Amino acid sequence: MIDPKLLRRATSDVAANLSRRGFEFDATAYLALEERRKTLQVDTEKLQSERNTTSKQIGVETAKGGDPAPLIDAVTKYGERLKNCQAQLQAVQAELKEIELDLPNLLDDSVPEGNDESDNAEIRRWGEPAQFDFETHDHIELGESLGLLSFEAASKISGSRFAVMRGALARLHRALIQFMLDTHTSAHGYQETYVPYLVQDHALVGTGQLPKFEEDLFKTTTQTPYYLIPTAEVPLTNLARDTIFDASELPLRFVAHTPCFRSEAGSHGKDTRGMIRQHQFEKVELVQFVVASESARVLEELTGHAETILQLLELPYRVVALCSGDVGFAAAMSYDLEVWLPGQQTYREISTCSNCTDFQARRMKARVRNATTGKPELMHTLNGSGVAAGRALIAVIENYQQADGRIRIPDALQPYMGGIAFLEKI
RNA sequence: GGAGAGAUGGCUGAGUGGUCGAAAGCGCUCCCCUGCUAAGGGAGUAAGGGCUAAUACCCCUUCGAGGGUUCGAAUCCCUCUCUCUCCGCCA
C-alpha cells in the first residue's frame, strides 16, 4: 500500500509515478472521495467527543445524587446523528481502502522506462554460453529420452502443466534444493525456515497477491478457505506481520524451500511445453527484513546471493533491471536473473529479486523501532528466488548435456548425488 | 471429535457498568543521592488514526476478533478465532 498521507498530499506525483507502469490512477475521483472522508471523520470524531464528555457528566451527576435526565436527553439526541455519520464514514473509508489496496507500489526513480519484458535493461552478464560441437536438445527431449522425465505420466494424474521425474533426475532436483539451502544458510547468513503451504487471505493481502490477483491462485473449498502459496515469499514475509522489531534485531534473513502453486490463468499458450511454466514447482526463496535506509543496498546484496547459486553451478546468466512496465505489483524495483538455456538459445528468467520498500510492511504492519527516536517505523521487505528449482534443473539439463545424451552432474551438486557423475538412461 | 480453562500494556498480573488507556510489580529511559559497586529516592515509559507546517497541542479508536445492550462497556449478552489441560483418534 502506498502511504495514504502521500496519496492525499502529492496525488498528482503519485499518479505520474504509477502511470510509468501503465497504471491509470483517477486522482480527481480519489481526491473527491478523500474530501468526503475528511469531513465525515472530523464530524464523527467531534460527535464522539461530545458524547464522551456528556456521558462522563452523567456519571458525575449520578454520583452526586443529582438528576441526570436532562443530560441523558441531550446525549440521546446526537446519538442518531453519530450513528449516521459513523455509517457514512465507514462506507467511504472502505471505498478508499479498496482503491488503495489495488494501487501498485511506487517505482524507484532508477527503474528504466518501458512497456514489457523487451524493454528491460541488461546490467551484466556472467559466464559464456557453451559452444557445443553436436546438435543440442532441450530438456524435454533430453529428460524423456533418458526415461527420467514424463509429462505424459503427470497428465494422467493431473492434466497439463505438471511433470513426473524419476530416479537420478528426481534426486538431482532434490540435490539442487539442498545445495541452495546449504549455501544460503552457511555462506549468506539466512535462517532456514519451514512454513505453511496453505495460507489465509489476509496473508496474501499482506504481500499483495490479494485482492487483485485472486485468479492466479489455487483456493480450497473448505469452510475457511485456504490458498496454496504461489511463492514462499507469502509465508516468509508475513512472519513480520503485526510485529515491532527492535532495531538491533534487523536485518533478518530467512530462506525456505517450498512448493509453489500457480493457476497460470491468462498464460494459456505460453510455455505450454516442458517444465518452464507449471502449476506446481519448487523454489528456494530469500526474504529480508531491513530498516528503510538499508533496502537499496540489500537488494544488490540479495541479488548477489541468488547469483552465487548460478555461479557455483557454472550456469551462464545475465542480470536485467526490470522496466517500469514489468516491475511486479509490490516491488519498487526488481532485478531478474536470466539463465542461458541452450535448448531455447535464449536467456530465461530463473529469479526475480525485489525491493518492496514499505509497501508490504504497511499492509501487514511490519515495523521497526527507530533506535534514536524510539518510534515505530515501517520496515522494508525484500525477496528473491534463490533460485527456482524447476528452472534450475532445466538449466542444468540443457547446459550439461553431452553428445551421447547423458547429463553431467555439476561439481557443486556431486556431494549430493551419491557418487553419480552423469544422469544416464534407465 | 469430547470435556474444561483462558485471552488485559515489553513481561507478570489486578480490575464485574461511570474521568480505566487501564492498579501494582518487573523491565526500560532520564534525574537525584552515595568517592566505585550494591542499595535508595523521584519522574517518565502502548499502538493506530484525525487535525496540523509540526515527530507541538488537542481529539478519536483500541483491553483476542466481530456483533449487541446502554447516555456510558475491559467489565453484561451473542457469535467466532486462538492458546492451554485432560480424553479419544492419528502421519
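It should be emphasised that the depicted structure is a prediction, and the values quoted were computed from it without experimental measurement. In what follows, chains are A, B, ... by sequence order, proteins preceding strands, each numbered from 1.
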With rounding to the nearest 0.5 Å, note down the distance linking OG in A:Ser158 to NZ in A:Lys156. 12.0 Å
So, OP1 or OP2 of B:C51: does either fall under 4.0 Å of a side-chain N or O from A:Arg37? yes
Review item, nucleotides 56-62 of chain B N/O atoms under 3.5 Å of protein N/O:
unit_1 : atom_1 : unit_2  : atom_2 : d
B:C59  : O3'    : A:Ser49 : OG     : 3.3
B:C60  : OP1    : A:Asn52 : ND2    : 3.2
B:C60  : O3'    : A:Gln48 : OE1    : 3.2
B:C60  : O2'    : A:Gln48 : OE1    : 2.7
B:U61  : OP1    : A:Arg51 : NH2    : 2.9
B:U61  : OP2    : A:Asn52 : ND2    : 3.3

Is A:Lys38 near enough to B:U52 that one of its side-chain N or O atoms lies under 4.0 angstrom from OP1 or OP2? yes
What is the distance from CD of A:Gln57 to P of B:C71, rounded to the nearest Å? 17 Å
Take the protein atom NZ of A:Lys365 and the nucleotide atom C1' of B:A65, then report the distance between them rounded to whole Å. 13 Å
A:Glu377 CD - B:U55 C1' separation (whole Å): 10 Å
When the C1' atoms of B:G10 and B:U29 are considered, how many whole Å apart are they? 13 Å
Identify whether the distance between the nearest side-chain nitrogen and carboxylate oxygen of A:Arg277 and A:Glu264 falls below 4.0 Å. yes
Proximity of A:Phe254 and A:Phe289 rings by center, below 6.0 Å: yes
A:Gln93 CD to B:G49 P: how many Å, rounded? 12 Å
B:C33 pairs with which nucleotide, Watson-Crick or G-U wobble, both distances below 3.5 Å? none
Using a strict cut-off of less than 4.0 Å between a Lys/Arg side-chain nitrogen and an Asp/Glu carboxylate oxygen, indicate whether A:Arg37 and A:Glu95 qualify as a salt bridge. no
A:Lys83 NZ to B:U70 P: how many Å, rounded? 8 Å
Rounding to an integer number of Å, can you tell me how far A:Lys56 NZ sits from B:G17 P? 19 Å
Measuring from the side chain of A:Pro376 (C-beta onward, heavy atoms only), which nucleotide among B:C71, B:G48, B:U52 has the closest atom? B:G48
By nearest nucleotide on RNA chain B, pick out whichever of A:Arg8 and A:Gln200 is the more 5' one. A:Arg8
Report the relative orientation of the aromatic rings in A:Phe162 and A:His279; use parallel for angles under 30°, tilted for 30 to 60°, perpendicular for over 60°. tilted
Any side-chain N or O of A:Arg369 under 4.0 Å from OP1/OP2 of B:A46? no
For atom NE2 of A:His202 and atom P of B:C82, their distance in whole Å: 11 Å
Please give the nucleotide sitting opposite B:A46 as a Watson-Crick or G-U wobble pair, both distances under 3.5 Å, or none. B:U62
In terms of ring plane angle, is the pair A:His188 and A:Tyr190 parallel, tilted or perpendicular, where the classes change at 30° and 60°? perpendicular
Interatomic distance at P, B:C57 relative to B:U45, whole Å: 12 Å
Residue-phosphate contact under 4.0 Å: A:Arg9 side-chain N/O, B:A53 OP1/OP2: no
Nucleotide B:G66, atom C1' - distance to CD of A:Gln90 in whole Å: 12 Å
C1' atoms of B:C80 and B:A7, separation to the nearest Å: 14 Å
Ring center gap for A:Phe359 and A:Phe329 short of 6.0 angstrom: yes
A:Glu301 bridged to A:Arg253 by N-O distance under 4.0 Å: yes
